Amino acid sequence: MSESHDLSTARFAPLPSDYSSAPSAAEETVLGLWRSEGTFAALQAARAQGEPFVFWEGPPTANGKPGIHHVLARTLKDSVCRWQSMLGHRVERKAGWDTHGLPVELEVEKRLAISGKPQIEQYGVGAFNAQCRESVWTYKQDWERLSERIGYWLDYSQPYITYDETFVDSIWHILARMHARGLVYRGKKVLPFCGRCGTGLSSHELGQPGVYKEIPDPSVYVRFVLAGEQGAERESLLAWTTTPWTLPSNIALAVHPEREYVRARVALPVHKGAEKGSAGHEILWVVAERAKAVLGEFAELGRKLGRELAGAQYRPVFEVAVPEVDPGAWTPDPSASHRVYTADYVTVEDGTGIVHQAPSYGADDWEVARKHRLVVKQAVGAEGRLVCDIAGAPEAAKFGPAAKGTFFKDADKALVKDLKNRGLMFRDAEETHSYPHCWRCNTALFYFAAPAWFLRTTALKQRMIEHNRRIRWIPGEVGSARFGEWLENNIDWNISRDRYWGTPLPFWVCSGCDHEVSVGGREELRQRAGKLPDGFDLHKPTVDAVTLACERCGGTMRRTNAVLDCWFDSGAMPYAQHGWPHVPGSERKLRDQFPASFICEGLDQTRGWFYTLHAIGAFMTQEFPELGDTPAYRTCLVNGLVLDKDGVKMSKRLGNIVNPWDAIAKHGVDAVRWYLVASAAPWLPKRFDPDALAEVQRGFFGTLANSYRFFQEYARIDRFDPADARIPAPSARPEIDRWLVSRTQSLVRDVRRRFTDFDLAGGARALETFVVDELSNWYIRRNRRRFWKGETGADKLAAFATLHEALRSVALLMAPLAPFTAELLWRRLESARGSVHAQLAPRADERLVAASLEQGIEVVQRLVVMGRALREKAGQKVRQPLRALHVRSSDAAALELLRSRFAGELVLDELNIKGWGSLGADDGQLCKLSAKANFRTLGKRLGARMKAAAAKIEALDAPRLAALRGGTSVALDLDGESVEVTPEDVLVSVQSTATFDVETDGRFVAWLDLELDAALVAEGLAREAVNRVNTLRKETGLAVEDRIVLELAPEGAELAAALRAHESFLAGETLALRVLHLAAGSLPESASWDLGHGQNLRARIARA
RNA sequence: GCGCCUGUAGCUCAGUUGGUUAGAGCACCCGCCUGAUAAGCGGGAGGUCUCUGGUUCAAGUCCAGAUAGGCGCACCA
């Protein structure tokens, strides 16, 4: 592979021949170069003394394959980091791996073909965790290979790994500090629970297919009899439930505060045949919206708002001693029991608008309980079975009381019968609804308040809110709305998980006196325990084997069984990645790399990593003021999901996942990166469209490569040297060069500003416009001849230098986004300066920006467009020279410009027109002036009078318009008030009044002199001939530099004369050494063309 | 259910602090050019800026509501 050799050494070497057809291969050579040269390490070393720009890598988990969305996130991170390096900053890019957590366990369970906690315990926690430790590296190779391939520069030599001893050790220290501040407490967390597996389920597990099943359940309406004085007719609150088994644990009722509740008098049910109402009546409360549906016939006795019912007391439905549990987060108030409370979550779609509250068995119920400090009862334990006998009344026994040990689902029937028997059951039916089941064992789940450890983040709420205001969120709404709201509604963080593979919680609790300690690290544990067993590891189960002596009562302290929420791991990475504070030198590293200047992850991390970093940071900066009073990260760039081309989320199930390797192999990773970054704002969901990707490759990269090829071909032939002393200074170059120089500097300024402001898409777009429209399609196309003409003079050198500088700037500016192509170009353009990624970003030289020149080219381009349109209308191809172009304009400056050689010749040459016919101010014969108000300037000044003013301005007469054009202000009469109107306030435009074809854009009126004389026709014919001959050259397979002998046999005197008259032009354009003019009909076997004007040509060529 | 984002040409997207002819690229049709050539250029067609209402002299842009899609959170007593 001589290619990689060329890469580093050869000035103006061609791009790899397959760069456009198979960019992937060319990119691989760059990777090889980076590898052999150690480019990344060298860059990092070169920036070692730079100002730090702190970047934190959000750790991916390596037990899933990386997908195309990871390419997006990594491209954004990489591009920002590369750019910051180019600004001279030191950007450390420490890799990290997220290795703990439930997904890992599930993967291992699958592999071992076991399922559920009992089976894991049977398998052995030690062996299980060993498997987990291995499992997380399943796809490590994939990640590293893909990261390298996409050019994501990351330091994999010293990655942080969340299961590492130093990492866990650090987390223990942080938790101990939190514990010491009283921020850690034992509470209860209501979560879906499987009694058989004895475990809570994560929301992820609840989302598994088949979890929700349609099953029949009781649907019962229960009377909660009001306490206190009862009249002749019993008065009750009616509540609906589908889980009678929770009724023994009932502690309150909830109503909606703003709904109306009806006090209804209804007939008591009677036996068949008896007269309605003969058994008497009762009074029931239900929400107004449901009264008819629930009660049928009733007499309304009154109404109350829900909040007016609040506080009412009722008699418990079961008078049994159900065990109470300590909620942890509050101290229960027994006097609050069996009362009505208000809650916004109460709905009126079904039920009665009165919801029975059993805090242990519902998250909403738990919230109500927390708010009102309710007692928490648990008639059903973690195994899903009754923990005590339930019998409301002695006679219930004959129905078979719900006995201790009954599975909760099986208890329903007995409880319903008991309630019915005691007259508390208003209605009893069965209803089919969807109910969650354990995805492992298919057992019906129940919500259950399980013991859990909490971090009192509510104590940090104000600090978090205040810090959030100082984070630059991109886009802003994520911070102000999504994240801000999440902080406003902050609740304490449940940091415990009843699992196996995770950072063990460092909390030891005394089995005697319940005293708890938090251990701040391995060394502290060793000291407290005396010694640690052989093969000790800061994971389960070895850590569980360590017991401590209680300092209070001398009893045995055991570690709490739970492990840490693995989100805490990643949120603690700013500190734990350095092993702070136990690892020597970590303190210095931490201070250097805190806070982050920049992080970047998917929107799904708002409540994930973004939050955990923020919350832990809020604590740490408070605890360690030397870290500064700052949020953990200063800028957070959020990226959206990558969807398939139809806007559907990619999933294995649908088979619409885009394999990043396929896309890269086909189009090259630069195109993929460019497409992902430039196709839309990074935070919007992105549709991945392979066709659009191909377009990026063709449109942008293809054009750029073509531009370089053009430059390179001639630069080599002429041995152009960018350091040649004869190159004219920019100010001494032709206007067209100064224009491109100016545009180049404007581009540098624009892209620099945008990239520094994290606007990668905006920078990419600016680069696209520049390369495709300005550099390639205008500058190069217009100036081709300057490069291939014979002598190397100042003009040629100016052209070379101008193009070289433009390409050079493009290579530098595109480097962060398209690191491979940039490198390929740069090493050829600047062969002695090493990698493009080690360069400093260019700075715009404002002295070279010429606004007037840029505006001038705009005028030129507008006239060219108009001229082409005129040719189109007249049916005159560009090859046919025309005599003249006429222009009228009210813009004196523009006319002056067109009179200049520079702009005038550009227009005429581009349009193949011999000269200007007339070029002047509107004379009123072919066009007239019309005026329109400039709303932008006048609107603010005039406000409501704008409309009237606009009408007056449109009605301005010619003299006054002329005055305005001349730069004089004019007075307008608006309702008797005189208003001064400046030329800037009026947009004067021209309109054609001509009877022949003209073009106008409001600023210019243009028309063509279409009259052809013999000379023009002859020249046109000559050009046609050149075109045909050159086409023939190509068809014949001649190389561009091949010389030919050209034999022409024109069939017509006019053509014959034209060809003789323009023989040298013909010969020059076709590289003919000799041109033979033959008689008509002498080349019967040759190519024959109709050149127009009734002229046919036969010709033959041969290599000379 | 709650919150956030998005809805502009057939497709993918721009659209400045509100300012009067709403743009680009692709695709399509027509034409052109070709010593950058597995490129390039021009022209054309294509829009009730999702809908309704409001604020304003002026709304794609601001406000409210509706609607469709996406995402997140919660819940189904």
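Not measured: the values here are computed from a predicted model. Lettering follows sequence order; numbering is per chain, from 1.
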Face-on cation placement of A:K796 at A:Y714 ring, 6.0 Å and 45° thresholds: no
Nearest-neighbour nucleotide for the A:R781 side chain, B:G40, B:A39, B:A77 considered: B:G40
Side chain of A:L603 (C-beta onward), nearest among B:C71, B:A77, B:C75: B:C71
Sugar-phosphate, base or nothing in reach of A:S776, heavy atoms under 4.0 Å: base
Of the listed nucleotides B:G42, B:G19, B:A36, the one nearest the side chain of A:R868: B:G42
Distance-only polar pair, side chains of A:W240 and A:S219, donor-acceptor under 3.5 Å: yes
Partner set under side chain to side chain donor-acceptor pair (under 3.5 Å) for A:E367, not counting sequence neighbours: A:R370
Phosphate-side-chain proximity, A:R871 and B:G42, N/O vs OP1/OP2 below 4.0 Å: no
Residues forming a side chain to side chain donor-acceptor pair (under 3.5 Å) with A:K189, sequence neighbours excluded: none
Side-chain donor-acceptor contact under 3.5 Å, A:D217 with A:T242: no
With sequence neighbours excluded, residues passing salt bridge (charged side-chain N to carboxylate O under 4.0 Å, His left out) with A:D428: A:K420
Ring pair (Phe, Tyr, Trp, His ring centres under 6.0 Å) against A:F770, all qualifying residues, sequence neighbours excluded: none
Residues 943-953 of chain A side chain polar contacts: donor-acceptor under 3.5 Å, at least two apart:
unit_1 : atom_1 : unit_2 : atom_2 : d
A:R945 : NH1    : A:E977 : OE1    : 2.9
A:K952 : NZ     : A:D973 : O      : 3.2

Candidates B:A77, B:A36, B:G35 - which lies nearest the side chain of A:V346: B:A77
Salt-bridge criterion met for A:R753 and A:D759 (N-O under 4.0 Å): no
Side chain to side chain donor-acceptor pair (under 3.5 Å) partners for A:Y341, two or more places apart: none
Secondary-structure stems, RNA chain B, at least 3 Watson-Crick or G-U base pairs under 3.5 Å: B:1-7 with B:67-73, B:10-13 with B:23-26, B:28-32 with B:40-44, B:50-54 with B:62-66
Measure all distances between protein nitrogen or oxygen atoms and nitrogen or oxygen atoms of nucleotides 21-24 of chain B, and list the pairs falling under 3.5 Å.
unit_1 : atom_1 : unit_2 : atom_2 : d
B:U21  : OP1    : A:K932 : NZ     : 2.9
B:U21  : OP2    : A:K932 : NZ     : 2.8

Options B:A77, B:G35, B:A36, nucleotide nearest the side-chain atoms of A:N1030: B:G35
Phosphate contact (B:G72 OP1 or OP2) by A:T606 side-chain N/O below 4.0 Å: no
Nearest to side-chain heavy atoms of A:R765, which nucleotide of B:A77, B:A14, B:G25: B:A14
Check: protein-nucleotides 1-6 of chain B nitrogen or oxygen pairs below 3.5 Å:
unit_1 : atom_1 : unit_2 : atom_2 : d
B:G3   : N2     : A:R482 : NH2    : 3.3
B:C4   : O2     : A:R482 : NH2    : 3.1

A:Y221 six-ring face occupied by A:R427 cation (under 6.0 Å, within 45°): yes
Euclidean distance, atom CZ of residue A:R782 to atom C1' of B:G42 [Å, nearest integer]: 15 Å
Side chain of A:V865 - closest among B:G25, B:G43, B:C71: B:G43
Residue list, side chain to side chain contact (heavy atoms under 4.5 Å, CB included) with A:E768, at least two apart or on another chain: A:W674, A:A678, A:F700
Of the listed nucleotides B:A36, B:U17, B:C75, the one nearest the side chain of A:R936: B:U17
Output field: ring centroids A:F408/A:F446 closer than 6.0 Å: yes
A:R1043: partners by side chain to side chain contact (heavy atoms under 4.5 Å, CB included), with sequence neighbours left out: A:L1071, A:L1073, A:A1104
Within residues 699-709 of chain A, residues whose heavy atoms come under 4.0 Å of RNA chain B: A:N706, A:S707
